[in-house]
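One structure is given below, encoded as C-alpha coordinates.
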Amino acid sequence: MHDVLKVNMMANIHDENDHIAAHTNEDLTDRQIYVINVMGAPGVGKTTTLKNIIRNMKGLKPYVIEGDIESDIDTRDLRSLGIDTFQINTFGACHLDAPMIHNQVQSIKFGEKGVLFIENIGNLVCPAEFSIGEHCKMLISTVTEGSDKPYKYPLAFEKADVIILNKTDLLPYLDFDEEFYRKGVRALNKEVPVFKVSGKTGEGFAEVAAWIQKKAEEAKAVHHHHHRDEDTGYHHHDHDTAHTHD
Amino acid sequence: MHEFPITQQIIKLAEEHATELCASRIKSIKLVVGDYSGFVGDSIQMYFDVISQGTLCEGAVIEIEHVTPKMKCTGCGELFEREFLSFACPKCGSDGEPTEIGKEFYIESIEIER
Ligand SMILES: Nc1nc2c(ncn2[C@@H]2O[C@H](COP(=O)(O)OP(=O)(O)OP(=O)(O)O)[C@@H](O)[C@H]2O)c(=O)[nH]1
Ligand SMILES: [Mg+2]
Ligand SMILES: [Zn+2]
Ligand SMILES: [Zn+2]
(Lines give C-alpha, C1' and ligand atoms only; values in the text may rest on other atoms or scores of the structure.)
(Ligands and ions follow the chains in the order given, each with its own letter.)
Protein backbone atom coordinates (compact mmCIF):
# COMPACT_ATOMS: atom_id res chain seq x y z
CA MET A 1 0.00 0.00 0.00
CA HIS A 2 1.36 3.38 -1.05
CA ASP A 3 1.31 6.36 1.17
CA VAL A 4 -0.40 9.21 -0.75
CA LEU A 5 0.22 12.70 0.45
CA LYS A 6 -1.06 16.06 -0.72
CA VAL A 7 1.50 18.86 -0.34
CA ASN A 8 1.00 22.56 -0.87
CA MET A 9 3.49 24.24 -3.18
CA MET A 10 2.20 27.70 -4.11
CA ALA A 11 5.05 27.93 -6.62
CA ASN A 12 4.83 30.73 -9.16
CA ILE A 13 5.68 29.25 -12.54
CA HIS A 14 7.04 32.58 -13.82
CA ASP A 15 9.55 32.94 -10.97
CA GLU A 16 12.55 31.58 -12.86
CA ASN A 17 11.87 33.76 -15.89
CA ASP A 18 11.45 36.81 -13.68
CA HIS A 19 14.61 35.99 -11.75
CA ILE A 20 16.69 35.82 -14.93
CA ALA A 21 15.05 39.01 -16.20
CA ALA A 22 16.03 40.78 -12.97
CA HIS A 23 19.64 39.74 -13.53
CA THR A 24 19.71 41.04 -17.08
CA ASN A 25 18.19 44.28 -15.88
CA GLU A 26 20.73 44.71 -13.11
CA ASP A 27 23.63 43.86 -15.39
CA LEU A 28 22.56 46.29 -18.12
CA THR A 29 21.75 49.05 -15.65
CA ASP A 30 25.33 48.68 -14.40
CA ARG A 31 26.57 49.06 -17.95
CA GLN A 32 24.40 52.18 -18.36
CA ILE A 33 22.15 50.56 -20.92
CA TYR A 34 18.46 51.45 -20.78
CA VAL A 35 16.35 48.57 -22.11
CA ILE A 36 13.07 48.98 -23.97
CA ASN A 37 10.85 45.98 -24.80
CA VAL A 38 9.04 46.95 -28.02
CA MET A 39 5.74 45.11 -28.42
CA GLY A 40 2.87 45.17 -30.87
CA ALA A 41 0.92 43.15 -33.44
CA PRO A 42 2.57 42.21 -36.76
CA GLY A 43 3.07 45.16 -39.10
CA VAL A 44 2.11 47.96 -36.67
CA GLY A 45 5.42 49.67 -37.39
CA LYS A 46 7.75 48.42 -34.66
CA THR A 47 10.83 48.57 -36.88
CA THR A 48 9.71 51.85 -38.47
CA THR A 49 9.24 53.33 -34.98
CA LEU A 50 12.72 52.25 -33.88
CA LYS A 51 14.28 53.89 -36.92
CA ASN A 52 12.41 57.13 -36.27
CA ILE A 53 13.23 57.23 -32.56
CA ILE A 54 16.90 56.48 -33.21
CA ARG A 55 17.07 59.27 -35.76
CA ASN A 56 15.88 61.68 -33.05
CA MET A 57 18.08 60.44 -30.16
CA LYS A 58 21.00 62.58 -29.05
CA GLY A 59 24.03 61.49 -27.02
CA LEU A 60 22.89 57.91 -26.40
CA LYS A 61 24.05 55.07 -28.59
CA PRO A 62 21.28 52.83 -29.96
CA TYR A 63 21.51 49.03 -29.89
CA VAL A 64 18.80 46.76 -31.26
CA ILE A 65 17.88 43.11 -30.74
CA GLU A 66 15.42 41.91 -33.36
CA GLY A 67 13.19 39.04 -32.35
CA ASP A 68 11.61 37.28 -35.29
CA ILE A 69 10.09 33.89 -35.76
CA GLU A 70 12.39 33.16 -38.66
CA SER A 71 13.67 35.99 -40.86
CA ASP A 72 16.37 38.64 -40.59
CA ILE A 73 14.92 41.27 -42.94
CA ASP A 74 14.48 43.87 -40.18
CA THR A 75 18.02 43.25 -38.93
CA ARG A 76 19.55 43.80 -42.36
CA ASP A 77 17.44 46.92 -42.77
CA LEU A 78 18.69 48.41 -39.45
CA ARG A 79 22.31 47.38 -40.07
CA SER A 80 22.23 49.13 -43.42
CA LEU A 81 21.57 52.33 -41.43
CA GLY A 82 24.69 51.68 -39.32
CA ILE A 83 22.76 50.59 -36.21
CA ASP A 84 24.32 47.80 -34.07
CA THR A 85 21.68 45.11 -34.49
CA PHE A 86 21.54 41.52 -33.25
CA GLN A 87 19.15 38.84 -34.42
CA ILE A 88 17.24 36.27 -32.38
CA ASN A 89 15.14 33.73 -34.25
CA THR A 90 12.68 31.81 -32.12
CA PHE A 91 11.68 29.29 -34.83
CA GLY A 92 8.04 29.22 -33.96
CA ALA A 93 7.92 30.57 -30.42
CA CYS A 94 5.46 33.43 -30.15
CA HIS A 95 7.36 35.63 -27.66
CA LEU A 96 10.85 36.35 -26.37
CA ASP A 97 11.65 35.19 -22.85
CA ALA A 98 14.25 36.14 -20.27
CA PRO A 99 16.71 33.26 -20.94
CA MET A 100 16.87 34.10 -24.66
CA ILE A 101 17.71 37.73 -23.94
CA HIS A 102 20.09 36.83 -21.12
CA ASN A 103 22.10 34.62 -23.50
CA GLN A 104 22.08 37.16 -26.31
CA VAL A 105 23.18 40.01 -24.07
CA GLN A 106 26.25 38.03 -22.90
CA SER A 107 27.65 38.18 -26.41
CA ILE A 108 27.03 41.88 -27.06
CA LYS A 109 29.84 44.29 -26.42
CA PHE A 110 28.28 47.55 -25.26
CA GLY A 111 31.07 50.00 -26.03
CA GLU A 112 29.14 53.09 -24.91
CA LYS A 113 26.19 53.88 -22.68
CA GLY A 114 22.94 53.93 -24.57
CA VAL A 115 19.54 52.43 -25.21
CA LEU A 116 18.89 48.80 -26.12
CA PHE A 117 15.66 48.36 -28.08
CA ILE A 118 14.37 44.80 -28.17
CA GLU A 119 11.80 44.29 -30.92
CA ASN A 120 9.61 41.48 -29.63
CA ILE A 121 7.75 38.98 -31.83
CA GLY A 122 4.79 40.58 -33.63
CA ASN A 123 1.97 39.48 -31.33
CA LEU A 124 -0.36 41.46 -29.09
CA VAL A 125 -0.92 38.73 -26.54
CA CYS A 126 1.94 36.89 -24.90
CA PRO A 127 4.94 39.26 -25.09
CA ALA A 128 3.16 41.31 -22.41
CA GLU A 129 3.27 38.35 -20.00
CA PHE A 130 7.01 37.73 -20.07
CA SER A 131 9.56 40.10 -18.58
CA ILE A 132 12.84 39.99 -20.47
CA GLY A 133 14.90 42.40 -18.37
CA GLU A 134 13.49 45.66 -19.69
CA HIS A 135 13.27 48.99 -17.89
CA CYS A 136 10.32 49.96 -20.06
CA LYS A 137 7.62 48.21 -22.06
CA MET A 138 6.72 50.17 -25.19
CA LEU A 139 3.49 49.20 -26.91
CA ILE A 140 3.04 50.17 -30.55
CA SER A 141 -0.60 50.41 -31.56
CA THR A 142 -2.08 51.96 -34.67
CA VAL A 143 -5.13 53.83 -35.84
CA THR A 144 -5.57 51.16 -38.54
CA GLU A 145 -6.15 48.36 -36.00
CA GLY A 146 -9.28 50.08 -34.72
CA SER A 147 -10.12 51.88 -31.49
CA ASP A 148 -11.37 48.77 -29.67
CA LYS A 149 -7.92 47.21 -29.14
CA PRO A 150 -7.58 48.23 -25.45
CA TYR A 151 -10.84 46.38 -24.79
CA LYS A 152 -9.82 43.27 -26.73
CA TYR A 153 -6.19 42.99 -25.59
CA PRO A 154 -6.30 44.63 -22.15
CA LEU A 155 -3.12 43.07 -20.75
CA ALA A 156 -0.82 44.66 -23.34
CA PHE A 157 -2.28 48.11 -22.60
CA GLU A 158 -2.25 47.54 -18.84
CA LYS A 159 1.42 46.54 -18.78
CA ALA A 160 2.74 49.26 -21.12
CA ASP A 161 4.95 52.03 -19.71
CA VAL A 162 4.55 54.04 -22.89
CA ILE A 163 2.13 53.72 -25.80
CA ILE A 164 2.81 54.83 -29.35
CA LEU A 165 -0.24 55.44 -31.54
CA ASN A 166 1.20 55.05 -35.03
CA LYS A 167 0.02 55.58 -38.62
CA THR A 168 -1.83 58.78 -37.74
CA ASP A 169 -1.19 59.99 -41.32
CA LEU A 170 -4.00 57.58 -42.26
CA LEU A 171 -6.59 59.12 -39.90
CA PRO A 172 -8.45 60.97 -42.68
CA TYR A 173 -9.25 57.64 -44.32
CA LEU A 174 -10.48 55.84 -41.20
CA ASP A 175 -13.22 56.09 -38.59
CA PHE A 176 -10.85 55.68 -35.64
CA ASP A 177 -12.71 56.71 -32.46
CA GLU A 178 -9.91 58.28 -30.44
CA GLU A 179 -12.09 59.07 -27.45
CA PHE A 180 -13.18 55.44 -27.09
CA TYR A 181 -9.56 54.32 -27.48
CA ARG A 182 -8.28 56.75 -24.84
CA LYS A 183 -11.09 55.89 -22.43
CA GLY A 184 -10.05 52.23 -22.65
CA VAL A 185 -6.37 53.04 -22.20
CA ARG A 186 -7.08 55.24 -19.16
CA ALA A 187 -9.21 52.60 -17.45
CA LEU A 188 -6.39 50.08 -17.78
CA ASN A 189 -3.42 52.33 -17.19
CA LYS A 190 -3.95 55.71 -15.51
CA GLU A 191 -0.50 57.21 -15.96
CA VAL A 192 0.79 55.86 -19.25
CA PRO A 193 1.81 58.51 -21.83
CA VAL A 194 0.33 58.07 -25.30
CA PHE A 195 2.33 59.59 -28.18
CA LYS A 196 0.65 60.10 -31.56
CA VAL A 197 3.11 59.59 -34.39
CA SER A 198 3.42 58.81 -38.06
CA GLY A 199 6.18 56.58 -39.28
CA LYS A 200 5.50 57.87 -42.75
CA THR A 201 5.93 61.61 -42.07
CA GLY A 202 8.18 61.27 -39.02
CA GLU A 203 5.81 63.43 -36.98
CA GLY A 204 5.80 63.03 -33.21
CA PHE A 205 9.05 61.09 -32.76
CA ALA A 206 11.11 63.97 -31.37
CA GLU A 207 8.81 63.94 -28.32
CA VAL A 208 9.14 60.16 -27.94
CA ALA A 209 12.94 60.35 -28.17
CA ALA A 210 13.00 63.13 -25.56
CA TRP A 211 10.82 61.04 -23.23
CA ILE A 212 13.17 58.05 -23.59
CA GLN A 213 16.20 60.22 -22.99
CA LYS A 214 14.67 61.51 -19.76
CA LYS A 215 13.79 57.99 -18.60
CA ALA A 216 17.28 56.71 -19.39
CA GLU A 217 18.77 59.53 -17.28
CA GLU A 218 16.45 58.67 -14.40
CA ALA A 219 17.44 54.99 -14.56
CA LYS A 220 21.08 56.05 -14.35
CA ALA A 221 20.30 58.23 -11.31
CA VAL A 222 18.78 55.19 -9.60
CA HIS A 223 21.90 53.28 -10.57
CA HIS A 224 24.17 55.84 -8.88
CA HIS A 225 22.05 55.73 -5.78
CA HIS A 226 22.36 51.94 -5.79
CA HIS A 227 26.16 52.23 -5.77
CA ARG A 228 26.13 54.62 -2.88
CA ASP A 229 24.17 52.01 -0.93
CA GLU A 230 26.86 49.46 -1.71
CA ASP A 231 29.58 51.81 -0.47
CA THR A 232 27.95 51.85 2.93
CA GLY A 233 28.01 48.09 2.97
CA TYR A 234 24.29 47.64 2.34
CA HIS A 235 23.79 44.84 -0.16
CA HIS A 236 21.11 45.72 -2.65
CA HIS A 237 20.17 42.37 -4.16
CA ASP A 238 16.54 41.64 -4.89
CA HIS A 239 16.55 37.91 -4.39
CA ASP A 240 17.93 35.31 -2.06
CA THR A 241 17.89 32.15 -4.15
CA ALA A 242 21.00 30.59 -5.67
CA HIS A 243 22.12 31.61 -9.17
CA THR A 244 21.57 28.40 -11.03
CA HIS A 245 21.27 29.60 -14.60
CA ASP A 246 24.83 30.80 -15.39
CA MET B 1 3.78 26.55 -28.78
CA HIS B 2 4.24 28.76 -25.84
CA GLU B 3 3.01 26.15 -23.37
CA PHE B 4 6.01 23.89 -24.13
CA PRO B 5 8.71 25.67 -22.07
CA ILE B 6 6.16 26.45 -19.39
CA THR B 7 5.23 22.79 -19.09
CA GLN B 8 8.91 21.92 -18.73
CA GLN B 9 9.05 24.43 -15.90
CA ILE B 10 6.01 22.90 -14.19
CA ILE B 11 7.58 19.43 -14.34
CA LYS B 12 10.88 20.76 -13.02
CA LEU B 13 9.27 22.53 -10.05
CA ALA B 14 7.05 19.57 -9.18
CA GLU B 15 9.93 17.09 -9.43
CA GLU B 16 12.24 19.19 -7.26
CA HIS B 17 9.58 19.42 -4.60
CA ALA B 18 8.69 15.73 -4.78
CA THR B 19 12.35 14.67 -4.64
CA GLU B 20 12.87 16.67 -1.46
CA LEU B 21 9.98 14.74 0.06
CA CYS B 22 11.38 11.37 -1.12
CA ALA B 23 8.36 10.69 -3.32
CA SER B 24 8.39 7.69 -5.64
CA ARG B 25 5.90 9.29 -7.99
CA ILE B 26 3.64 12.29 -8.48
CA LYS B 27 -0.04 11.41 -8.83
CA SER B 28 -1.48 14.81 -9.61
CA ILE B 29 -0.55 18.46 -9.98
CA LYS B 30 -3.01 21.20 -9.22
CA LEU B 31 -2.52 24.43 -11.19
CA VAL B 32 -4.30 27.72 -10.71
CA VAL B 33 -4.57 29.47 -14.08
CA GLY B 34 -6.13 32.90 -14.57
CA ASP B 35 -7.76 33.52 -17.94
CA TYR B 36 -5.40 36.48 -18.46
CA SER B 37 -2.32 34.37 -17.77
CA GLY B 38 -2.33 33.47 -21.47
CA PHE B 39 -1.99 29.74 -20.85
CA VAL B 40 -4.27 27.10 -22.25
CA GLY B 41 -4.99 24.13 -20.02
CA ASP B 42 -5.46 21.58 -22.80
CA SER B 43 -2.10 22.44 -24.34
CA ILE B 44 -0.36 22.07 -21.00
CA GLN B 45 -1.82 18.58 -20.50
CA MET B 46 -0.84 17.58 -24.05
CA TYR B 47 2.79 18.67 -23.67
CA PHE B 48 2.83 17.29 -20.17
CA ASP B 49 1.97 13.76 -21.27
CA VAL B 50 4.92 13.81 -23.69
CA ILE B 51 7.58 15.63 -21.65
CA SER B 52 6.85 13.89 -18.35
CA GLN B 53 7.83 10.43 -19.65
CA GLY B 54 10.62 9.00 -17.58
CA THR B 55 10.19 11.59 -14.80
CA LEU B 56 8.47 11.36 -11.44
CA CYS B 57 5.56 13.13 -13.13
CA GLU B 58 4.88 10.37 -15.64
CA GLY B 59 1.20 9.45 -15.61
CA ALA B 60 0.24 12.32 -13.35
CA VAL B 61 -3.06 14.10 -13.84
CA ILE B 62 -3.08 17.87 -14.23
CA GLU B 63 -6.00 19.53 -12.48
CA ILE B 64 -6.63 23.11 -13.46
CA GLU B 65 -8.58 25.66 -11.48
CA HIS B 66 -9.53 28.49 -13.83
CA VAL B 67 -9.91 32.02 -12.53
CA THR B 68 -12.07 34.56 -14.36
CA PRO B 69 -10.57 38.08 -14.45
CA LYS B 70 -12.25 40.75 -12.37
CA MET B 71 -12.00 44.51 -12.45
CA LYS B 72 -12.49 46.77 -9.46
CA CYS B 73 -14.86 49.70 -9.87
CA THR B 74 -13.18 53.06 -9.25
CA GLY B 75 -16.58 54.49 -8.26
CA CYS B 76 -18.14 52.03 -5.82
CA GLY B 77 -15.40 49.44 -5.29
CA GLU B 78 -17.41 46.53 -6.70
CA LEU B 79 -15.40 43.61 -8.09
CA PHE B 80 -16.94 42.60 -11.39
CA GLU B 81 -16.50 40.55 -14.57
CA ARG B 82 -16.40 42.90 -17.54
CA GLU B 83 -18.66 42.84 -20.54
CA PHE B 84 -17.18 42.66 -24.03
CA LEU B 85 -15.87 46.06 -25.30
CA SER B 86 -16.55 47.79 -22.00
CA PHE B 87 -14.92 48.31 -18.62
CA ALA B 88 -18.06 49.79 -17.03
CA CYS B 89 -19.24 48.63 -13.61
CA PRO B 90 -22.63 46.89 -13.75
CA LYS B 91 -23.66 48.55 -10.49
CA CYS B 92 -22.82 52.22 -10.98
CA GLY B 93 -21.46 52.61 -14.52
CA SER B 94 -18.00 53.98 -13.58
CA ASP B 95 -15.02 52.34 -15.24
CA GLY B 96 -13.23 49.58 -13.38
CA GLU B 97 -9.49 49.22 -13.04
CA PRO B 98 -7.47 46.01 -13.47
CA THR B 99 -6.78 43.73 -10.53
CA GLU B 100 -4.55 40.69 -10.08
CA ILE B 101 -7.62 38.44 -10.15
CA GLY B 102 -7.37 36.43 -13.37
CA LYS B 103 -3.60 36.65 -13.80
CA GLU B 104 -2.73 33.69 -11.52
CA PHE B 105 -0.32 31.09 -12.77
CA TYR B 106 1.05 28.82 -10.09
CA ILE B 107 1.26 25.27 -8.82
CA GLU B 108 -1.03 25.14 -5.84
CA SER B 109 -0.27 21.61 -4.68
CA ILE B 110 0.86 18.15 -5.73
CA GLU B 111 -0.18 14.68 -4.64
CA ILE B 112 2.73 12.32 -4.15
CA GLU B 113 3.24 8.65 -3.42
CA ARG B 114 6.06 7.44 -1.25
N1 LIG C 1 1.06 54.90 -43.77
C2 LIG C 1 1.90 54.46 -42.82
N3 LIG C 1 2.56 53.31 -42.98
C4 LIG C 1 3.39 52.91 -41.99
C5 LIG C 1 3.61 53.68 -40.83
N6 LIG C 1 4.48 53.03 -40.03
C7 LIG C 1 4.82 51.89 -40.67
N8 LIG C 1 4.18 51.82 -41.86
C9 LIG C 1 4.26 50.74 -42.84
O10 LIG C 1 3.75 49.54 -42.25
C11 LIG C 1 4.47 48.41 -42.72
C12 LIG C 1 5.01 47.60 -41.54
O13 LIG C 1 5.99 48.38 -40.85
P14 LIG C 1 7.13 47.69 -39.98
O15 LIG C 1 7.90 48.77 -39.34
O16 LIG C 1 7.88 46.71 -40.79
O17 LIG C 1 6.24 46.94 -38.93
P18 LIG C 1 6.67 45.88 -37.81
O19 LIG C 1 5.73 46.05 -36.69
O20 LIG C 1 8.12 46.02 -37.52
O21 LIG C 1 6.38 44.51 -38.56
P22 LIG C 1 6.81 43.00 -38.13
O23 LIG C 1 8.22 43.09 -37.60
O24 LIG C 1 6.72 42.25 -39.39
O25 LIG C 1 5.81 42.57 -37.12
C26 LIG C 1 5.56 48.94 -43.61
O27 LIG C 1 5.12 48.85 -44.96
C28 LIG C 1 5.70 50.39 -43.20
O29 LIG C 1 6.16 51.22 -44.25
C30 LIG C 1 2.88 54.91 -40.69
O31 LIG C 1 2.97 55.65 -39.71
N32 LIG C 1 2.04 55.24 -41.72
MG1 LIG D 1 9.66 44.56 -37.55
ZN1 LIG E 1 3.99 33.23 -26.38
ZN1 LIG F 1 -19.34 50.72 -9.46
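In the text below, chain A, chain B and the rest are named by the order of the sequence lines, each starting its count at 1. What's counted below: heavy atoms across the whole structure, side chains too, no hydrogens, waters or symmetry copies. Nothing here was measured: the structure is a model prediction, and the numbers come from that model.
The closest donor-acceptor contact from the side chain of A:Thr75 to the backbone of A:Thr85 lies at 3.5 Å or more, if one exists at all.
Ranked by heavy-atom pairs shorter than 4.5 Å toward chain A, the options B:Tyr106, B:Phe39, B:Phe84, B:Tyr36 are led by B:Tyr106.
Look at A:Lys196 and A:Glu207 and you find no salt bridge, because none of the NZ, NE, NH1 or NH2 atoms lies under 4.0 Å from a carboxylate O. Between A:Glu178 and A:Arg182 there is a salt bridge, since at least one side-chain N of the basic residue sits less than 4.0 Å from a carboxylate O of the acidic one. The pair A:Glu129-A:Lys159 fails the salt-bridge criterion, with no side-chain N (NZ, NE, NH1 or NH2) lying under 4.0 Å from an Asp/Glu carboxylate O.
Between A:His95 and B:His2, the ring planes are perpendicular. Angles over 60° get that label, and only those under 30° would be called parallel. The aromatic rings of A:Tyr181 and A:Phe176 sit tilted relative to each other, their planes meeting at an angle between 30° and 60°.
Only the side chain of B:Lys103 comes within contact range of chain A, with at least one heavy atom under 4.5 Å from a heavy atom of that chain. Contact of B:Leu21 with chain A is made through the side chain alone, with heavy-atom distances under 4.5 Å. Using a 4.5 Å cut-off between heavy atoms, B:Arg25 does not touch chain A at all. At a 4.5 Å heavy-atom cutoff, the contact between A:Leu5 and chain B is made by backbone and side-chain atoms alike. For B:Ser28, no part lies under 4.5 angstrom from a heavy atom of chain A. Residue contact with chain B, scored on non-hydrogen atoms closer than 4.5 Å, involves the side chain of A:Lys190 exclusively. With a 4.5 angstrom heavy-atom cutoff, B:Ser94 does not touch chain A via any of its atoms. A:Val4 touches chain B through backbone and side chain together, each having a heavy atom under 4.5 Å away.
Checked against the 6.0 Å centroid threshold, A:Tyr151 and A:Phe180 count as a close aromatic pair.
In the displayed structure, A:Gln106 atom CD is contacted under 6.0 Å by more than 12 heavy atoms of other residues, nucleotides or ligands.
Taking 4.5 Å as the heavy-atom cut-off, the residues of residues 62-72 of chain B that approach chain A are B:Met71, ordered by number.
Judged purely by distance below 3.5 Å, without hydrogens or angles, the side chains of A:Asn89 and A:Asp72 never pair a donor atom with an acceptor atom.
For the residue pair A:Ile20 and A:Pro99, the shortest heavy atom distance occurs at CD1-CG, 3.9 Å.
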